Amino acid sequence: MIFQQNNPIGEIFTILGYWDRILSGFLTTMWLYVWALMIGFFLGLLLSLFRQYGGRILSRVSGGYIEFIRGTPLIAQLFFIFYGLNIPVGTWNVLARFSIFDKNITFIFLNHRILFGIIALSLNSAAYQAEYLRSSIMSIGAGQLMAAQSIGMSRVAGIRHIILPQALRRVIPAWSNEAAYLPKYTVVVSLIGATELFGQAKSIVADSFISLTTYIIVAIIFLITIAIISKGLDTLHKRTEIPGL
Amino acid sequence: MWKSYEDLQVLKGVSFELAEKEVKVIFGPSGSGKSTLLRCINMLNPPDKGEIFLHGKNITASGVNLNEIRTRIGMVFQHFNLFAHLKAIDNVSIGLRRVKGFSKEEAREKALEALERVKMAEWADHYPAQLSGGQQQRVGIARALSMEPDIILFDEPTSALDPELIGEVLQVMLDIAKAGTTMVVVTHEMGFAKAVATEMIFLSEGAVIERGTPKHFFMKPESERVRKFLKQLEVLYGTHEQMIDLLEEEEK
């Protein structure tokens with residue numbers, strides 16, 4: 001019987017040979033991430049404004065939603081939306097095929113898995129982003145809105161022209177937490193069968209029988225991606241800083 | 001006007017009239033309801049009971065457009081409350097643009113005029129955090145002035161300032177008072193009151209204790225409470241008399 005010798009370098013090259021799947025998975029991960037972050041941001045902004053300025057009813061609804069989302073596991077939320085709600089959307093794909101070198105790469109823009117993945121991630125992220133935004137809004141003194149109203153601005157105009165421009169600048173350092181967490185959360189979407197980076201990694205492991213090296217490579221890809229995101233947000237924060245403050 | 005917060009009665013029937021070009025100085029111990037009174041006047045903090053008339057129109061009535069009313073009642077705050085993300089010029093012009101609907105150029109021009117009146121035109125492109133307290137407060141005054149309100153309310157405009165910065169703000173306030181601006185000023189700057197107040201009102205525990213001209217207050221105040229308070233002010237701050245004299249000399 002011949003025992004196969006572990007050759008790490010060889011393994012790395014074997015896995016990199018699946019670069020088409022890794023690339024396709026990475027694109028899907030980023031696709032999920034960007035949509036979830038964006039939709040989550042706008043929903044989160046609404047939630048935070050409702051919670052802060054919405055009066056009794058809206059602020060309670062918003063607060064309840066946030067507590068519910070933060071208090072239950074993301075995976076439960078995803079399964080509930082995907083399996084539990086039984087929304088009949090059918091199975092379909094909107095995809096692009098292209099080839100790089102000799103490999104054909106399929107990138108799925110949207111199918112029912114990606115769609116529900118984006119919805120679950122957005123609804124989840126919105127709750128967290130809402131709390132970041134709310135604490136940023138609260139850190140701006142009540143005097144700012146009072147001053148805006150004292151020159152005849154309506155409450156809404158004051159929030160839009162005075163509060164939000166400041167709150168959105170201030171929120172960046174805290175918000176970058178969410179921006180750095182979310183790429184890793186997209187991994188759960190592989191559990192409803194979406195072929196994002198982690199899903200592709202699993203299929204590579206199944207074909208190559210090389211697990212540790214595959215997951216390390218995936219981890220490194222996440223690490224680099226998130227480092228770039230953090231750096232980008234850091235730069236954005238510095239660029240948008242209010243002089244003298 | 002009457003106003004309470006929960007069980008605490010802050011204003012217990014305060015009433016006064018203000019004619020055009022009048023400068024009314026309101027003073028009294030802390031917690032006497034002075035700031036609350038000002039916030040009632042521009043309805044940022046509407047009174048529980050009582051009525052406020054602006055040019056004969058009851059602004060405490062329901063259905064009044066308060067945003068429109070507030071364009072006619074300017075306010076200067078104790079802590080300036082400049083919009084932190086806007087340059088001095090934009091702090092002044094934003095009301096003209098967003099509320100009065102001026103074009104960008106028109107608003108800029110008018111804002112510069114207002115900044116000139118408070119001698120801050122050369123600081124137009126600085127952000128609030130880059131300005132001293134006195135400079136910020138002058139921008140705050142320009143912001144109120146630029147809207148061309150019927151009245152400007154001053155809520156302890158110099159009490160958050162370092163002593164050496166108070167003079168420049170008082171000077172600006174004297175200038176605009178002499179230019180015929182109608183003002184209600186909550187302040188303990190008795191020098192300012194002496195120079196321009198048409199009437200002074202002493203407020204304590206939400207009620208008017210005594211009112212009269214500056215002369216009345218400084219010559220023969222009736223109540224013991226007022227005498228004591230004025231004495232304390234003198235001990236603490238001095239009278240600023242010399243400073244006012246100095247300012248008047250400069251003008252001549």
Side-chain angles (χ1 to χ4, degrees), chain A residues 41 44-45 48-49 52-56 59 129 132-176 233-245, chain B residues 35 38-39 41-45 65-88 90-101 125-132 135-136 139-140 142-149 151-155 160:
Chain A
F41 173 75
L45 188 59
S48 65
L49 290 175
Q52 189 67 10
Y53 300 110
R56 281 180 82 148
S59 74
Q129 295 194 46
Y132 288 125
L133 284 163
R134 189 169 74 103
S135 60
S136 176
I137 289 171
M138 284 196 305
S139 76
I140 289 159
Q144 294 281 305
L145 193 55
M146 201 188 286
Q149 287 185 292
S150 82
I151 53 171
M153 277 194 198
S154 65
R155 230 169 122 74
V156 173
I159 291 167
R160 189 178 142 204
H161 296 300
I162 306 301
I163 302 295
L164 282 185
Q166 295 181 56
L168 292 180
R169 283 178 169 95
R170 271 197 209 181
V171 80
I172 296 171
W175 183 80
S176 65
L233 285 173
D234 211 32
T235 312
L236 181 68
H237 177 55
K238 286 195 181 115
R239 288 244 174 113
T240 55
E241 232 168 7
I242 298 164
L245 220 62
Chain B
S35 297
L38 288 193
R39 278 177 214 162
I41 296 175
N42 69 356
M43 297 291 282
L44 275 173
N45 221 339
N65 181 352
L66 288 179
N67 296 326
E68 194 270 327
I69 292 295
R70 290 196 196 104
T71 64
R72 292 158 58 192
I73 306 176
M75 187 156 193
V76 174
F77 298 86
Q78 181 178 13
H79 296 288
F80 332 131
N81 295 4
L82 292 186
F83 306 132
H85 63 303
L86 297 178
K87 293 174 180 171
D90 299 321
N91 260 282
V92 180
S93 69
I94 191 166
L96 297 167
R97 288 194 61 199
R98 302 288 177 203
V99 179
K100 290 207 163 174
D125 287 324
H126 285 68
Y127 285 87
Q130 299 170 320
L131 301 172
S132 74
Q135 291 171 326
Q136 289 190 53
V139 175
R143 176 171 68 185
L145 275 177
S146 70
M147 300 296 285
E148 294 177 346
I151 315 169
I152 302 183
L153 313 172
F154 291 80
D155 186 5

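Proteins get letters first, then strands, A, B, ... in listed order; numbering begins at 1 in each. Note that this is a predicted model, so its numbers are computed, not measured.
- Shown here for A129(B) and P243(A), the closest heavy-atom pair between the two residues is CB-O, 4.0 Å.
- The closest side-chain heavy-atom distance from H85(B) to I162(A) is below 4.5 Å.
- Of the two parts of R72(B), neither the backbone nor the side chain holds a non-hydrogen atom closer than 4.5 Å to a non-hydrogen atom of chain A.
- A distance of 6.0 Å separates CZ in R98(B) from CZ in R160(A), rounded to the nearest 0.5 Å.
- Between atom CG of residue D90(B) and atom NE2 of residue H161(A) there is a gap of 13.0 Å, rounded to the nearest 0.5 Å.
- By the 4.5 Å heavy-atom criterion applied to side chains, F77(B) and S150(A) are counted as neighbours.
- Under the side chain to side chain donor-acceptor pair (under 3.5 Å) criterion, S35(B) pairs with D155(B), sequence neighbours left out.
- Contact count against chain A (heavy-atom pairs under 4.5 Å) is highest for L82(B) among L86(B), N42(B), L82(B).
- Of all non-hydrogen atoms in R143(B) and I151(A), the two that sit nearest each other are CG-CG2, 4.0 Å.
- Residue Q166(A) comes nearest to A84(B) through the heavy atom pair OE1-CB, 3.5 Å, listed as atom of the first residue, atom of the second, then distance.
- Counting heavy atoms from C-beta outward, M153(A) and I94(B) have side chains that approach closer than 4.5 Å.
- With S154(A) as reference, N67(B) is the one residue of N65(B), N67(B), L66(B) to meet the side-chain contact (heavy atoms from CB on, under 4.5 Å) rule.
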